[in-house]
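Throughout, protein chains are lettered first and strands after them, A, B, ... in sequence-line order, and every chain is numbered starting at 1.
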Amino acid sequence: MRLSTWRYAFRDAAGSFRANRFSSLSAIATVSVSLLMLALFLVVAINLDSMATTLENQVEIKAWLDPALKDEDIGRLSDQVKSFPGVQSLTYVSAKEAMEKLADRLGNQQALEYVGTNPLRASFEVKAQRPDDVAPVAQAITSLVGVQKVDYKSDTVDKLFRITRALRVFSLTLVIALALATIFIISNTIRLTVFARRREITIMKLVGATDAYIRRPFVLEGVFFGLVGSLIAAALSSWIYTGFLRFAAANLPFFEIVPGAPLLRNLTLTLLGLGAVLGALGSAVSVRRFLRV
Amino acid sequence: MMIQFRGVSKIYPNHVAALRNVNIAVDKGEFVFIVGPSGAGKSTLVKCIYREELPTRGSIVVDGRDVTSLKPSAVPYLRRDVGVVYQDFKLLPNKTAYENVAFALECTEASQREIAKRVPAVLELVGMKDKVKALPIQLSGGEQQRIALARAIVNSPAVIVADEPTGNLDPDNSWAIIRILLELSRMGATVVVATHEKHIVNNLKQRVIAMDRGEVVRDEEKGAYGREA
Ligand SMILES: Nc1ncnc2c1ncn2[C@@H]1O[C@H](COP(=O)(O)OP(=O)(O)OP(=O)(O)O)[C@@H](O)[C@H]1O
Ligand SMILES: [Mg+2]
């Protein structure tokens, strides 16, 4: 592609921006509001998702072992469990350690002495890699000889699972809805420009301009709307999030808020990319109808 | 052969048969008038050359391109090879004479240097080099049509088609436009002019293709507008 082609496209895009200053600026404003909503929703969703993941990771499978097992049997069993797919880590808790933990919890160091013999059993504490590995891993451990009982908080896992899935579906739906709204805003504004220039487009087709050439200035204009709108949205959402982080550090010590460092940079890049793509799509939609000559 | 119609029929969606089994062959450098009563199919024929309309049946070859089976992406390149002049000029009102002509070259993605070289040359050819900065409303009909003609030829097309190019002009301006078209055909362009101008056709003794109700009823070298006229 020749440089001059781009020069003509930029000149025409700038020209129509100037000619439609008012509707261009209001399109940019509307696009930034729409993208700002999208951005704020995105950071909320990311935070909820990160909390859910933290909780999910705390779900543990507990497998109580036959007291008759010898140390080497336990070692072999432990290796076996570790080799299951989906297992992230395994901690062995001996009967003695279990009793010490219990005593700790009861605040009574003499618990052992009262009972005389230790009624607790040794166990494995197994962590799964992902929440949906929990059930199959538990199932697999149950079938091992030497394991007496396997337990995990299945209802908690299911509930968490349902919440995070709903959250993801909801975020996706909202992001798509906002993206469509943005395309709609941009295409409506570009439609005015295209309509004002429909005579010109007809003549362009008749003197042998390619569709790509005709589309280019409109697409540039749409991309420009999208980029400026997303820059504004990124700046505003970064400012809001930074403020929220400061507020949370002081007032919400129990919540682990996702830090701003990589998040806001990624958010800005995502918004810019999204703005450009949505702008291009929005204007391509508007021009299409006028290319049939 | 520069333009070849073989068994071309055009039936519009409203079932009007605008062309019926049209066979024409026009050589390189020829000058042809298309005449006939209103509704005979002259405009339809002309539009088929640069594929503003597609025929319902038959084949059309223009400068080696099979127009009827052209891919949509190849249509712009056909149109760069066929300069078109319209009865209503189709100039852009917000662009100057110079810009209107330059615009056609920009559309073919020509460089600025090429534009700066070729636009003044064609404006000179049509005798408009003094009015390059004028907007269309500041020009007379004849001047506007010269600008439109300059735009049609700025790409050096092999074929120039004009659909009633003098329909809105007085006799002097009409003659001026036709003379330029003749000159272009002498320089090697193939020129097809659909017209109602009896006087001009009868005077010039060029090839005449007469149409009636979608059919070619007469095709004569050094022809006249009509036998009875
Ligand atoms: N786009 C169209 N849709 C339907 N019918 C059409 C269309 N264009 C032309 N026609 C019909 O096709 C026939 C031929 O029209 P065309 O314009 O080719 O005639 P013409 O010879 O150019 O007439 P004129 O001398 O008045 O310009 C006419 O009956 C006309 O009504
Ligand atoms: Mg006509």
Side-chain angles (χ1 to χ4, degrees), chain A residues 1-24 189-221 223 280 283-293, chain B residues 46-47 49-54 62 65 70-86 88-95 99-116 136 147-161 163:
Chain A
M1 185 155 343
R2 299 167 88 160
L3 196 66
S4 48
T5 303
W6 283 97
R7 195 188 339 219
Y8 305 144
F10 271 107
R11 179 200 59 196
D12 289 351
S16 90
F17 185 87
R18 247 178 283 120
N20 306 291
R21 232 165 302 147
F22 181 74
S23 65
S24 301
T189 311
I190 301 287
R191 197 191 310 274
L192 294 177
T193 323
V194 174
F195 193 74
R197 290 180 59 193
R198 66 194 183 285
R199 233 178 107 78
E200 203 171 327
I201 293 176
T202 310
I203 295 173
M204 286 168 111
K205 288 227 65 159
L206 292 177
V207 298
T210 60
D211 287 355
Y213 177 84
I214 297 172
R215 218 180 282 124
R216 201 166 298 130
F218 298 109
V219 170
L220 276 180
E221 205 181 341
V223 168
S283 41
V285 167
S286 300
V287 192
R288 214 180 48 162
R289 198 156 53 89
F290 290 89
L291 288 179
R292 295 189 205 110
V293 177
Chain B
V46 161
K47 284 177 183 168
I49 295 175
Y50 59 94
R51 208 182 189 274
E52 189 175 335
E53 294 291 350
L54 257 180
V62 174
R65 289 187 178 83
L70 220 51
K71 279 185 294 172
S73 61
V75 172
Y77 301 95
L78 165 74
R79 290 182 180 166
R80 290 174 195 189
D81 209 19
V82 181
V84 186
V85 181
Y86 307 89
D88 62 353
F89 320 141
K90 290 199 196 304
L91 294 175
L92 291 167
N94 55 339
K95 288 189 190 300
E99 286 165 350
N100 263 288
V101 178
F103 177 75
L105 273 182
E106 286 174 5
C107 285
T108 66
E109 307 183 29
S111 72
Q112 293 201 307
R113 187 166 346 130
E114 253 174 284
I115 293 175
I147 300 300
L149 186 53
R151 181 183 64 192
I153 61 177
V154 72
N155 266 319
S156 317
V159 178
I160 299 164
V161 302
D163 190 0

Do the side chains of B:Leu92 and A:Ile203 get nearer than 4.5 Å, heavy atoms only?
yes

What residues of residues 14-24 of chain A sit under 4.5 Å from chain B when only non-hydrogen atoms are counted?
none

Going by side-chain hydrogen bond (donor to acceptor under 3.5 Å, both in side chains), name the residues that satisfy it together with B:Asp81, two or more places apart in sequence or in a different chain.
B:Arg65

B:Arg79 (side chain) donor-acceptor with A:Lys205 (main chain) under 3.5 angstrom
yes

Can you tell which part of B:Pro93 gets under 4.5 Å to a heavy atom of chain A, answering side chain, backbone, both or neither?
side chain

Verdict with supporting geometry, B:Glu109 and A:Trp6, side chain to side chain contact (heavy atoms under 4.5 Å, CB included)
CA-CA 9 Å; B:Glu109 307 183 29; A:Trp6 283 97; over 6 Å; no

Are more than 12 heavy atoms from other residues, nucleotides or ligands located less than 6.0 Å from atom CZ of A:Arg199?
yes

Residue A:Arg197 versus chain B: region with a heavy atom under 4.5 Å:
neither

Answer key: most heavy-atom pairs under 4.5 Å with chain A among B:Arg151, B:Lys95, B:Gln112 is B:Gln112

Check: A:Tyr213 and B:Thr108 side chains under 4.5 Å, non-hydrogen atoms:
no

For a side-chain contact (heavy atoms from CB on, under 4.5 Å) with B:Cys107, tell me which candidate from A:Val207, A:Ile214, A:Thr210 qualifies.
A:Val207

Residues passing the side-chain hydrogen bond (donor to acceptor under 3.5 Å, both in side chains) test with B:Asn155, sequence neighbours excluded, are none

Does a salt bridge link A:Arg11 with B:Glu106, judged by any charged N lying under 4.0 Å from a carboxylate O?
yes

State which residues pass side-chain hydrogen bond (donor to acceptor under 3.5 Å, both in side chains) with A:Arg215; sequence neighbours excluded, sorted by chain then number.
none

Checking heavy atoms, do the side chain of B:Ile115, its backbone, both or neither come under 4.5 Å from chain A?
side chain

